[in-house]
Structure formats: structure tokens, C-alpha cells
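First the proteins, then the strands, lettered A, B, ... as listed; each starts at 1.
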Protein chains: 6
Amino acid sequence: MNKLSHFDKNGQATMVDVSDKPLTKRTAIATGRICVNQEIFNAIKNGTAKKGDVLGTARLAGIMAAKKTSDIIPLCHPIPISKIAIDFTLEADTLSVYAKAEAKTTGQTGIEMEVLHAVSVSLLTIYDMCKALDHGMTISDIHLTYKDGGKTGIYTTGEK
Amino acid sequence: MNKLSHFDKNGQATMVDVSDKPLTKRTAIATGRICVNQEIFNAIKNGTAKKGDVLGTARLAGIMAAKKTSDIIPLCHPIPISKIAIDFTLEADTLSVYAKAEAKTTGQTGIEMEVLHAVSVSLLTIYDMCKALDHGMTISDIHLTYKDGGKTGIYTTGEK
Amino acid sequence: MNKLSHFDKNGQATMVDVSDKPLTKRTAIATGRICVNQEIFNAIKNGTAKKGDVLGTARLAGIMAAKKTSDIIPLCHPIPISKIAIDFTLEADTLSVYAKAEAKTTGQTGIEMEVLHAVSVSLLTIYDMCKALDHGMTISDIHLTYKDGGKTGIYTTGEK
Amino acid sequence: MNKLSHFDKNGQATMVDVSDKPLTKRTAIATGRICVNQEIFNAIKNGTAKKGDVLGTARLAGIMAAKKTSDIIPLCHPIPISKIAIDFTLEADTLSVYAKAEAKTTGQTGIEMEVLHAVSVSLLTIYDMCKALDHGMTISDIHLTYKDGGKTGIYTTGEK
Amino acid sequence: MNKLSHFDKNGQATMVDVSDKPLTKRTAIATGRICVNQEIFNAIKNGTAKKGDVLGTARLAGIMAAKKTSDIIPLCHPIPISKIAIDFTLEADTLSVYAKAEAKTTGQTGIEMEVLHAVSVSLLTIYDMCKALDHGMTISDIHLTYKDGGKTGIYTTGEK
Amino acid sequence: MNKLSHFDKNGQATMVDVSDKPLTKRTAIATGRICVNQEIFNAIKNGTAKKGDVLGTARLAGIMAAKKTSDIIPLCHPIPISKIAIDFTLEADTLSVYAKAEAKTTGQTGIEMEVLHAVSVSLLTIYDMCKALDHGMTISDIHLTYKDGGKTGIYTTGEK
């Protein structure tokens with residue numbers, strides 16, 4: 001049976017009716033990465049330390065994007081974000097920047113899209129800031145690693 | 001030497017000054033994919049055909065996102081988009097939806113971020129519309145495959 | 001006596017103070033129509049079935065517009081939308097598309113503007129998508145057919 | 001033959017490619033009206049004169065909405081607006097407010113949607129500001145009365 | 001000790017986690033002024049009375065800006081605004097327009113930024129509308145005069 | 001004679017018609033400051049160096065705000081921004097942060113509002129990030145120091 005929640009019984013797109021769901025505290029975490037070449041990797045690393053702040057800009061872009069998620073994702077409910085934080089890890093062995101976003105809300109629906117959106121926009125911002133050096137970067141592995149709250153409870157991939 | 005174009009000589013974030021660049025016609029193409037499970041793959045496939053239009057919604061989300069790229073990516077210039085189109089391919093062997101966005105502008109700077117943003121948001125929209133079935137989808141392989149126009153000319157990965 | 005709620009005692013525009021109003025569940029329904037010529041009517045009808053989805057695009061436009069109502073209507077309060085759905089009926093006898101939007105919130109103020117805005121934008125989107133065929137379409141009869149919740153309770157025009 | 005311009009050859013929604021169209025000066029005019037009861041009609045009329053400015057607020061709402069048209073209408077191109085003005089006429093015999101918007105651009109595509117959007121939002125703003133008195137207002141007769149510029153040239157309904 | 005609340009323990013920008021804070025009623029008031037020359041002062045004064053409404057436009061701009069504060073200020077939480085009002089005083093002796101904004105919310109965090117943003121945008125709007133006469137206007141003295149609610153309670157400068 | 005450019009002959013707000021003005025290169029510079037207490041001054045200074053980047057966040061907020069100026073200022077034309085940069089100076093003797101924004105466009109109208117808006121939002125962002133330490137900061141002296149381009153040519157206050 002097709003249970004795609006954003007379609008009504010006639011197969012039309014709609015926002016899911018959450019009007020009878022209680023307000024509950026919810027958390028979600030998503031991660032993703034961008035693979036870059038050695039020159040960009042070094043530039044980000046040095047830039048962070050002393051010449052410019054690629055990751056600081058990417059972090060703010062992701063935080064601001066989280067707040068606009070329901071503007072950008074058509075059938076996503078607007079929810080109040082009570083926390084959003086984004087961390088980056090520079091992984092020298094894979095020449096990649098790993099991004100992790102965590103958000104909280106007290107709402108009628110989950111905050112998964114907000115963290116996925118924040119990760120995506122953070123990585124796109126890194127792309128934008130480094131593309132003068134090389135256009136060959138790739139964004140990958142964007143996925144949800146954890147969520148709790150709501151009727152469906154905890155989902156976790158077990159990633160730390 | 002650090003040549004990250006979004007930082008000035010003091011390492012501060014800035015929008016690149018494009019005021020002396022000529023208006024030129026520019027094209028860019030980006031692709032990406034979302035990997036889903038069998039149940040979601042079938043639901044999208046059947047949904048597209050008769051019960052609901054995941055891909056139609058994702059396409060519109062991507063088109064609208066392309067128009068908001070400079071709102072979302074902090075140091076990205078606003079440019080007039082003269083064309084934006086998004087195509088999807090359902091790949092049964094990899095259980096994934098492959099997205100491809102192409103855009104054109106006549107501007108002082110390129111339209112790479114717009115197509116990358118369009119692909120990202122299209123794939124996030126697919127995630128949003130299918131997450132009631134499974135949260136374990138992964139978005140990956142978002143990259144630029146082609147661009148032309150401007151001083152740096154053609155970039156291509158050779159992908160068709 | 002002039003009781004226009006958006007003006008204070010000096011006749012200045014202001015947002016009504018709703019800070020002492022309780023949160024209550026509220027529903028609103030609005031309708032409207034766009035009159036088109038025979039060629040457009042057929043194109044929409046056939047398009048919906050197999051060649052393109054005017055109404056699907058219009059529905060998404062309306063849903064997304066509902067979420068932006070307080071951005072667009074100057075003195076309208078931002079409220080959380082817990083449901084928004086839009087339906088269309090193709091009326092062959094009047095050569096028109098009839099749109100109906102229903103929304104729910106749990107808020108301090110009503111959700112009437114959101115459904116009226118959703119209907120308006122849905123109909124404008126139909127206009128935009130069909131104007132290559134004929135500019136002579138007319139949007140009309142946008143009105144509220146039902147609301148409940150809040151201090152003033154139920155309003156209905158009796159339309160089904 | 002289906003010539004709906006926003007669909008490509010596979011019937012998918014897309015923004016029309018205007019990249020090869022020249023920049024030309026373009027004008028468009030749209031009108032519409034909202035029918036109100038006697039009490040609201042008087043309140044607007046008196047309000048305009050001395051107790052509050054429903055029409056001034058509606059005018060600004062329409063002007064600002066014109067600038068956001070491509071954000072709200074999914075497949076509408078962003079174009080630079082070089083002029084937008086909105087006028088209202090209070091018609092005592094029909095108990096209605098008649099709105100007229102005129103806009104100009106120098107762009108690759110027309111400015112029809114901007115004036116239709118401006119009229120719609122102006123009328124919705126009047127609704128919002130007067131709904132405390134009566135919810136029974138109706139917005140109607142929104143249509144394009146004139147456009148010039150571009151390949152298709154002049155369209156006019158002959159209305160002054 | 002550095003207690004800047006928008007940075008986490010590593011000095012990275014983040015939105016403060018307010019997820020454990022209770023919803024409380026909060027009020028804030030901010031003021032500011034713009035100094036103009038005699039010609040502009042007269043134009044605003046006369047304009048308000050009979051030829052155009054600089055202050056009415058500035059008031060709406062400020063109200064609408066208050067609703068967008070969390071879009072504009074990167075680490076500001078989105079909160080529901082239950083009231084926002086802006087008043088202006090024309091001060092002939094200082095040739096300035098004094099603006100005062102008051103807002104209320106029931107939220108997990110304060111509404112100070114909303115009133116400061118509303119005052120700023122109101123004054124910028126006055127600048128925009130009068131700059132054809134003289135570019136030498138100065139905006140100054142934007143500050144918070146009062147807030148209550150939340151854990152830190154009442155703050156007041158004692159200004160009436 | 002009242003020459004306020006945003007009002008038409010009937011005193012109604014309108015966007016100035018710039019459709020017959022040529023595209024010219026234009027520059028504008030604006031400055032402003034926020035006065036803080038010693039604790040905040042030190043926190044910003046140290047934060048910039050090693051614990052957090054108040055000024056980096058404020059700079060991005062200002063850059064992003066510049067791109068949204070025509071969304072926020074009601075009668076301001078949308079123009080393409082080809083450069084925007086913001087610099088801060090920490091002035092120990094006045095315990096203030098001085099902000100300076102410079103922008104360029106090639107457009108039919110000037111870019112003064114964009115730099116004034118960028119300065120305002122940068123300073124508001126500093127307020128937001130430091131208000132946990134003290135609410136008594138004051139934003140002042142926001143004014144245009146330079147503009148060139150367009151029919152009216154160069155305006156300068158002579159400030160370096």
C-alpha cells in the first residue's frame with residue numbers, strides 16, 4: 001500500500017494534517033560531507049586558522065537555512081527551532097569536510113528536514129567559497145543519523 | 001598562496017567584486033542522487049504514474065530554490081535566471097533517483113551554485129515526501145558536471 | 001463607530017494585540033475561480049491527465065503561499081499552520097477552474113488570510129502557466145466560505 | 001496541440017528558456033475589485049480621510065508583493081521592476097474598491113504576473129484590515145487590461 | 001570570563017539552546033531617531049498631513065521587518081509576535097523624527113531584537129523616502145528602553 | 001515645493017519610475033557605530049582573536065542583508081549588487097565598534113540603501129550576540145559618507 005504521507009487519498013500533494021498531534025520535544029541529527037582536492041583542503045584548514053573562515057561562514061549559512069526550511073521544502077511544516085548547531089571535522093585521510101547538524105524543537109512534527117537542510121546548505125556554502133580553486137568537489141552522504149520525539153520515537157543509525 | 005575568492009586580503013568574508021566583469025551567457029549543469037529502499041522506490045515510481053507526484057513536487061521545489069540561491073548561500077551574487085530545468089531518472093539497479101539540473105543566465109558571474117542548490121533541494125524534497133516510509137535514505141554525489149561562459153570558460157566532467 | 005481592528009486609537013496601522021488571547025484550534029475554508037477560454041480549459045484538462053500538471057503546480061504554489069501569508073499581508077500575524085490542502089474542480093459549463101483551500105492552526109488568531117492567500121496564488125499560478133495561450137483569463141469570486149474557532153466562532157456562507 | 005509554455009516536451013514543469021530573448025521595455029496593467037458592505041465602505045472612506053489608511057496600507061502591500069512575484073509564482077522569472085504604482089477607486093454604487101496596478105520593466109519576459117500579483121495582494125490586504133467588521137467580502141474581476149513590449153506586442157481589453 | 005551567549009564552548013557561532021526554557025509573556029520597547037534638514041522636516045510634516053505619508057510607510061516597513069527579524073539576524077530565534085506597534089514623534093527643535101517600537105510575544109526567548117529591528121527599518125525607510133532632497137540624514141540613538149519577561153526580568157532605562 | 005520622490009502627484013506612495021534611466025556604475029559607502037561597555041568590548045576583541053567571531057558573524061549578516069534591501073525597504077528598487085564589503089574597527093577610546101560598508105552596482109538607481117541597510121544589520125547583529133552581557137548598547141551615527149554614479153553624481157561627507 002502506498003503510504004506516502006504528503007499525498008491525500010486522491011494522490012494530491014498536501015501538507016500532512018498535524019493539528020491533532022501533541023507538542024513534544026524533538027531532536028534530530030544529520031551529517032554529510034564534501035570531498036575536495038588537496039589545495040582546497042589546505043586552504044580551508046589554514047583559512048580557518050588565520051586567513052579566512054570558510055567553516056564559520058558555512059556554519060552560519062546552515063543555521064540560517066535551518067530557519068528557512070519550510071520556505072524551501074514545499075510540504076514541510078513551519079516549526080519553532082529552539083536549538084540549531086553545526087560542527088565540522090576536517091578529515092585529512094579522505095580530503096573531506098564532514099558536517100554534523102543538531103536541532104531541537106517543541107512541535108507537532110519532527111525537525112529532521114531542518115538538520116538535513118542545514119547540512120546541505122553548509123556544504124554548498126563550502127563549495128561556493130572554494131570553487132575558484134577547483135569545481136571538482138562532490139557533496140555526499142547526507143543522511144539522518146538520529147531523531148527522537150513524536151509518535152515514531154527514536155531512529156538511529158548508531159553513528160556516534 | 002591562498003586564493004579563496006570570497007576572502008579579501010585580510011581574510012574577511014566578502015562578495016567578490018564582479019563590477020568590472022562583462023555580461024556573458026553562461027550555462028551550468030549539476031547532478032546528484034538519493035538512494036532509497038525498495039518500498040520507497042516503488043512508491044515514487046507508482047506515485048509518479050498514478051497516485052501522487054513526488055518527482056513533480058521535487059522538480060518545482062528545485063526550480064523555486066534556484067531562484068533563491070543568493071538568499072541562502074551567503075556570498076553568492078544575485079543573478080537573473082533565464083532558464084532552469086530539472087530532470088529525474090529512476091534507476092532500478094541502484095534503487096536511486098538521479099537528479100539533473102540545468103540553468104542559464106546572462107550575468108557577470110556563473111550559475112553553478114543555482115544548479116547545485118536546485119539539485120540539493122529537489123533531493124531533500126524527495127526525502128521529505130518519503131520519510132514516513134523510511135528515514136534511511138541518503139543523498140549523495142552532488143557535483144557540477146558542466147559549465148561554460150565567463151573568463152574560465154568550459155568545465156566538464158565528461159558525463160553525458 | 002469605526003472598528004477597523006488594524007488601526008489604533010490614533011488611526012495608525014498596527015498589528016492587533018493578540019497577546020492575551022488563548023490558543024484555540026481554528027479552521028478556515030476559502031474558494032475562488034479562474035475563467036479561461038476553451039483552448040486553455042482543454043489544455044489544463046489534458047495536461048493534468050498526461051502532458052503536464054497545471055493544477056499540481058498551482059496546488060503547490062498555494063500551499064507554499066499559505067506559509068508566507070504573514071510575509072505578504074502587512075498586518076497579518078505569523079501563525080503555525082498545522083494543515084493546508086487545496087482542491088480544484090474543472091467546471092466545463094462555466095469554462096472555469098474552481099479552487100478550494102482549507103487550513104487549520106492552533107493559534108491566537110484565525111487562519112482566514114492563509115486560505116484566501118492560498119486560493120489567490122493558486123489561481124495566479126494557473127494564469128501564469130496558461131497565459132501563452134491567452135491573456136484574457138479572469139480571477140473572481142475569492143471569498144471565505146467557512147471559519148470556526150476563536151471568540152467569534154463559526155462563520156459560514158452555507159456553501160458545501 | 002498543447003502549447004502551454006511552462007511544460008517541456010515531456011510535460012514537465014519548467015521555467016521557459018528566455019536566454020535568447022532580447023531585453024525590451026515592457027509595461028503591464030491589471031485591475032480587480034473587492035466588494036464590501038456599507039459599514040466597511042464607510043470605514044475605508046472615512047479611514048482614508050482621517051482615522052486610518054486602509055488604502056495606503058493596501059498600496060504598499062501591493063508594491064512590495066510585486067517585488068516578490070517570482071518568489072511566489074513557481075515558474076515566473078525574476079525580472080527587475082523599474083516602476084510599480086497602484087491606484088484605488090472607491091465605487092459607492094457597487095460598494096466596492098477598484099484597484100489598478102501598472103508596472104514597467106526592461107527585461108527578457110513580461111511583467112504581467114507582477115501587476116496581477118500586486119492587485120491580488122492589495123485586495124487581500126483590504127480584506128485583512130476590514131474583516132473584523134464582516135467576513136463576507138468578495139474579491140473579483142482580477143484581470144490584465146493592457147500589456148506591451150516583447151514579441152507578442154500589445155494586448156488590451158480596451159478598458160481605459 | 002567570556003559569556004557571549006551565541007558561542008559554544010569552542011567559540012563557534014550557534015543559536016542558544018532555549019529548548020528547556022518555559023514559554024513566558026515578554027514585552028520590549030526600543031527607540032531611535034533620524035536627524036534631517038529643515039526642508040525634509042517640513043516635507044515629512046506636511047506630507048503626513050496632506051501630500052504623502054512618509055511616516056505611514058515607515059511604520060508599515062517597521063512592522064513587516066519585525067516579522068522578519070529571525071531571517072535577518074543570523075542567530076536570532078524565530079518567535080511568534082503577538083503585538084507590534086510603532087509610533088513617531090516629529091521634534092522641531094532637534095529637526096528629527098523619533099521612533100518608538102513596542103512588541104509582545106509569548107515565547108522561550110525575548111523580543112528585544114524585533115523592536116530594535118523595527119526601529120532601524122522604520123528609520124531607514126524615512127531615509128529612503130526623503131533622500132531625493134538631501135543625503136545628509138543621520139540615524140542615531142537606537143537602543144532598548146524597556147523589556148520584561150523571562151529569567152532576567154525587567155530592564156529599563158527609565159525613559160518614559 | 002514638495003519633491004519627495006516616492007510620492008506621485010496625489011501624494012500616494014509609489015516606486016519612482018526609473019525605466020528611462022540608463023544603466024550606470026554606482027558606488028556607495030555608509031558607516032555607523034555601536035557603543036558598548038568595557039566587558040563587551042573586551043569580549044568582542046578577544047572573541048575575534050580566539051574564542052568566537054562576533055564581527056565575522058556581523059559581517060555576513062550585513063552582506064546578506066544588503067542582498068535583501070528591496071525586500072525590507074518598501075519603495076526601494078531591486079538592483080543587482082556586484083560588490084558588497086563590510087569592515088569593522090574596534091575603537092578603544094570610545095568603547096565602540098565602527099562599521100563601514102561599501103557596495104557597487106550597475107543599475108538604473110543608486111545603491112545607498114543597500115550600504116545603509118548592511119551597516120544597520122551588522123550593528124544589530126553585534127547587539128544580538130552581546131546582549132547577554134548587557135542590554136545598554138546604543139547604535140548611532142548611521143549615515144552615508146560617499147556615493148557616485150547616476151545623474152546626481154558624487155556626494156561625499158569628506159570622511160576618509
Side-chain angles (χ1 to χ4, degrees), chain C residues 2-8 10-13 16 32 40 42-44 46-47 50-54 56-58 60-61 64-65 68-69 71-76 110 112-113 116-117 120-121 123-125 127-133 135-144 147 152 155 157, chain D residues 2-8 10-13 16 32 40 42-44 46-47 50-54 56-58 60-61 64-65 68-69 71-76 110 112-113 116-117 120-121 123-125 127-133 135-144 147 152 155 157:
Chain C
N2 186 329
K3 301 176 294 183
L4 287 181
S5 60
H6 284 303
F7 293 120
D8 66 14
N10 300 313
Q12 296 168 340
V16 178
I40 291 176
N42 293 345
I44 294 174
N46 298 334
K50 74 172 199 299
K51 280 282 287 181
D53 191 1
V54 172
T57 303
L60 281 175
M64 294 180 84
K68 293 191 186 166
T69 303
D71 267 5
I72 295 294
I73 308 298
L75 302 174
C76 185
E112 296 97 295
M113 292 317 300
L116 290 161
H117 190 220
S120 294
V121 169
L123 297 173
L124 287 168
T125 299
Y127 188 102
D128 180 47
M129 296 178 78
C130 299
K131 71 181 191 291
L133 294 176
H135 281 91
M137 293 167 273
T138 298
I139 293 171
S140 61
D141 205 18
I142 298 175
H143 67 290
L144 192 76
K147 81 167 196 73
T152 57
Y155 168 89
T157 58
Chain D
N2 186 330
K3 300 176 296 182
L4 286 181
S5 61
H6 283 303
F7 292 120
D8 65 15
N10 300 314
Q12 296 167 340
V16 179
I40 291 176
N42 293 346
I44 294 174
N46 297 335
K50 74 172 200 299
K51 280 282 288 179
D53 191 2
V54 172
T57 303
L60 281 175
M64 294 179 83
K68 294 192 185 166
T69 303
D71 267 5
I72 296 294
I73 308 298
L75 302 174
C76 185
E112 297 96 296
M113 293 316 301
L116 289 162
H117 190 221
S120 293
V121 169
L123 297 174
L124 286 168
T125 300
Y127 189 101
D128 180 47
M129 296 178 79
C130 299
K131 70 181 192 292
L133 293 176
H135 281 91
M137 293 168 274
T138 298
I139 292 171
S140 61
D141 205 17
I142 298 175
H143 66 291
L144 191 76
K147 81 166 196 73
T152 57
Y155 167 88
T157 57

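- When the ring-ring contact (aromatic ring centres under 6.0 Å, His included) test is applied to C/His143, no partner is found at least two apart in sequence or on another chain.
- Options D/Leu60, D/Asp71, D/Ile73, D/Thr69 differ in how many heavy-atom pairs under 4.5 Å they form with chain C, and the most are formed by D/Ile73.
- Going from atom CD1 of C/Ile72 over to atom CD1 of D/Ile72 covers 4.0 Å, rounded to the nearest 0.5 Å.
- Residues satisfying the side chain to side chain contact (heavy atoms under 4.5 Å, CB included) criterion with C/Met64, sequence neighbours excluded, are A/Pro74, B/Met64.
- At least one side-chain heavy atom of D/Leu144 sits under 4.5 Å from a side-chain heavy atom of C/Tyr127.
- Top candidate by heavy-atom pairs under 4.5 Å with chain C, chosen from D/Lys68, D/Glu112, D/Met137, is D/Glu112.
- To the nearest 0.5 angstrom, D/Ile142 atom CD1 is 6.0 Å from C/Ser120 atom OG.
- Of all non-hydrogen atoms in D/Asp128 and C/Leu75, the two that sit nearest each other are OD2-C, 3.9 Å.
- Ranked by heavy-atom pairs under 4.5 Å with chain C, the list D/Leu116, D/Asp141, D/Thr152, D/Leu124 is led by D/Leu124.
- Contacts between D/Thr138 and chain C at a heavy-atom distance below 4.5 Å involve backbone atoms as well as side-chain atoms.
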